[in-house]
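Since the structure is predicted, the reported quantities are computational estimates derived from the model, not experimental observations. The first residue of the sequence shown is numbered 1, and numbering continues consecutively from there.
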Amino acid sequence: MSTDSQDLVSITLTHHGKPHTFSLPHDATISDLSSAIATDLSIPPSNQKLMISQLGLLKPPFKDPDLALSSISSKKITLMGSTVKEASAIATAASEAARYVQPRDRPKQKVSAYKTHNWAKEQAESQYTFHTLRPLPYLPNPSRSLAFLQRLKDDAGIKAAMLKHKFSVPLLTEMNPIEHTQANAEGVSRTLGLNRNQGEVIELRLRTDAYDGYRDYKTIRKTLCHELAHNVHGPHDRKFWDLCKLIEREVEGSDWKSGGRMVGEEEFYGGEEVDDHGGWTGGEFVLGVGSRGGAESTGSASTQGMSRREILAKAAEERMKRLQEQQQGEGSGSGSGS
């Protein structure tokens with residue numbers, strides 16, 4: 001190649017913001033420029049990247065190695081790339097950083113699989129349950145009654161039994177003790193549970209007669225088992241009692257949380273035995289009345305086909321009627337005494 005000054009082509013490029021000018025023969029190619037960059041700037045071809053206006057990014061090995069420098073001498077050229085020394089320093093720093101981030105003596109962490117949800121079971125449990133819990137708001141501390149009802153709903157044994165038998169109860173609520181207590185010549189009878197319209201509404205006697213506490217949890221749970229059996233069988237025949245005892249055994253067998261004695265900050269009254277003494281009437285569980293006693297009859301037959309709203313309204317009417325009869329009885333008793 002001729003080296004006369006008039007036959008040279010001048011190429012100026014910028015590297016790290018600093019201009020560098022190369023004078024090469026007029027017939028030099030872009031490959032010749034790459035070699036000159038490697039010699040003068042110590043940037044090997046493998047690290048070179050040339051950004052040329054209107055041509056874009058070019059790097060060795062070039063797609064057109066015979067591209068004449070005279071054709072790009074007037075264009076803006078930016079050189080990107082590190083010298084051998086800079087590349088070596090970067091590799092050393094990266095190696096040091098990796099050693100500190102991942103020390104060789106660090107034990108490998110075991111990756112454990114996530115515990116999967118049994119979505120089918122969860123969906124079934126949300127279907128076969130008590131859908132609404134309702135304490136009586138006009139009695140003291142309704143929040144504690146709600147906690148009691150919630151405990152029954154979440155009871156492992158109750159949940160298992162309801163899932164197995166596919167029991168779905170729209171409303172579980174408490175009853176007012178005074179409205180479901182009757183006295184006669186044979187003694188005092190107490191209604192412990194009511195099942196209205198084959199499981200449309202279940203009422204449970206949660207509180208003590210003096211309203212100063214709550215009855216024994218397992219006694220109430222056993223009452224609930226009885227009321228759940230009324231979802232299938234109304235009369236107290238052999239089929240009913242077989243199902244009732246079966247539910248009781250299932251609830252006891254699935255009760256892996258047994259032993260708790262508290263709801264909120266209030267203790268239960270324990271030691272109460274469940275004995276109906278023949279006092280079951282329709283969907284009711286009556287405690288303490290003889291088999292010939294005059295227990296009230298509000299079984300499923302009188303509410304058959306009624307909506308939940310109608311059942312609750314009927315129950316309220318019955319409570320008011322009993323209160324009026326009780327007040328009239330007290331008034332006549334006072335009058336005869338005077």
Task: Carboxylate-amine/guanidinium contact R221 E252, below 4.0 Å - done: yes

So do the side chains of [X] and [Y] get within less than 4.5 Å of each other, counting heavy atoms only?
X: I220; Y: L192; result: no
X: I11; Y: T21; result: no
X: L246; Y: E248; result: no
X: L224; Y: L204; result: yes
X: L194; Y: T191; result: yes
X: K164; Y: K159; result: no
X: T29; Y: L69; result: no
X: R205; Y: T223; result: no

Counting heavy atoms not belonging to [X], are there more than 12 under 6.0 Å from its [atom1]?
X: K75; atom1: NZ; answer: yes
X: E122; atom1: CD; answer: yes
X: K59; atom1: NZ; answer: no

- [ ] I would like to know whether T173 and T132 meet side-chain contact (heavy atoms from CB on, under 4.5 Å); could you show each step before the answer?
- [x] CA-CA 8 Å; T173 184; T132 302; over 6 Å; no

Open item on the list: I'd like to know if the side chain of S168 pairs up with that of H131 as donor and acceptor (distance under 3.5 Å, no hydrogens or angles considered).
Closed with: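 Note: S168 and H131 side chains meet the donor-acceptor criterion.
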
Search all heavy atoms of [X] against all heavy atoms of [Y] and return the closest pair with its distance.
X: W241; Y: H236; value: NE1-O, 3.4 Å
X: P142; Y: L136; value: CB-O, 3.8 Å
X: Q48; Y: S34; value: OE1-OG, 2.8 Å
X: V84; Y: P44; value: CG2-CD, 3.7 Å
X: V169; Y: G199; value: CG1-O, 3.5 Å
X: V251; Y: A161; value: CG2-CB, 4.0 Å

From [X] atom [atom1] to [Y] atom [atom2], the distance as rounded to the nearest 0.5 Å:
X: N47; Y: S42; atom1: CG; atom2: OG; result: 11.5 Å
X: C244; Y: H226; atom1: SG; atom2: NE2; result: 5.5 Å
X: D154; Y: E125; atom1: CG; atom2: CD; result: 10.0 Å
X: E227; Y: Q198; atom1: CD; atom2: CD; result: 12.5 Å
X: R207; Y: R215; atom1: CZ; atom2: CZ; result: 12.5 Å
X: R190; Y: M175; atom1: CZ; atom2: CE; result: 13.0 Å

- [ ] Any chance you could lay out the side-chain contact (heavy atoms from CB on, under 4.5 Å) test for R134 and L171, step after step, and finish with the verdict?
- [x] CA-CA 7 Å; R134 184 178 301 164; L171 176 62; 3.8 Å; yes

- [ ] Tell me, with the steps shown, if T78 and L13 meet side-chain contact (heavy atoms from CB on, under 4.5 Å).
- [x] CA-CA 5 Å; T78 302; L13 54 83; over 6 Å; no

- [ ] Could you tell me if the ring centre of F240 sits under 6.0 Å from that of H230?
- [x] yes

Hydrophobic cluster identity match, [X] and [Y], side-chain contacts under 4.5 Å:
X: I247; Y: L163; result: no
X: L58; Y: I77; result: yes
X: L41; Y: F62; result: yes
X: L152; Y: Y128; result: no
X: M51; Y: F22; result: no

Without swapping roles, check the side chain of [X] against the backbone of [Y] for a donor-acceptor pair under 3.5 Å.
X: D155; Y: I158; result: yes
X: D7; Y: H26; result: no
X: S126; Y: Q123; result: yes
X: S73; Y: S10; result: no
X: N197; Y: E200; result: no
X: S71; Y: L67; result: no
X: H16; Y: S82; result: no
X: T14; Y: G17; result: no

- [ ] Starting from the C-alpha separation in whole Å, work towards a yes-or-no answer on side-chain contact (heavy atoms from CB on, under 4.5 Å) for L228 and M162.
- [x] CA-CA 8 Å; L228 288 174; M162 296 190 72; 4.2 Å; yes

Task: Residues Y211, N141; criterion side chain to side chain donor-acceptor pair (under 3.5 Å); working and verdict - done: CA-CA 10 Å; Y211 298 89; N141 301 316; over 6 Å; no

TODO: Tell me, please, whether Y214 has R144 positioned over its six-membered ring: NZ or CZ under 6.0 Å from the ring centre and within 45 degrees of its axis?
DONE: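 Pair R144/Y214 does not count as cation-pi.
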
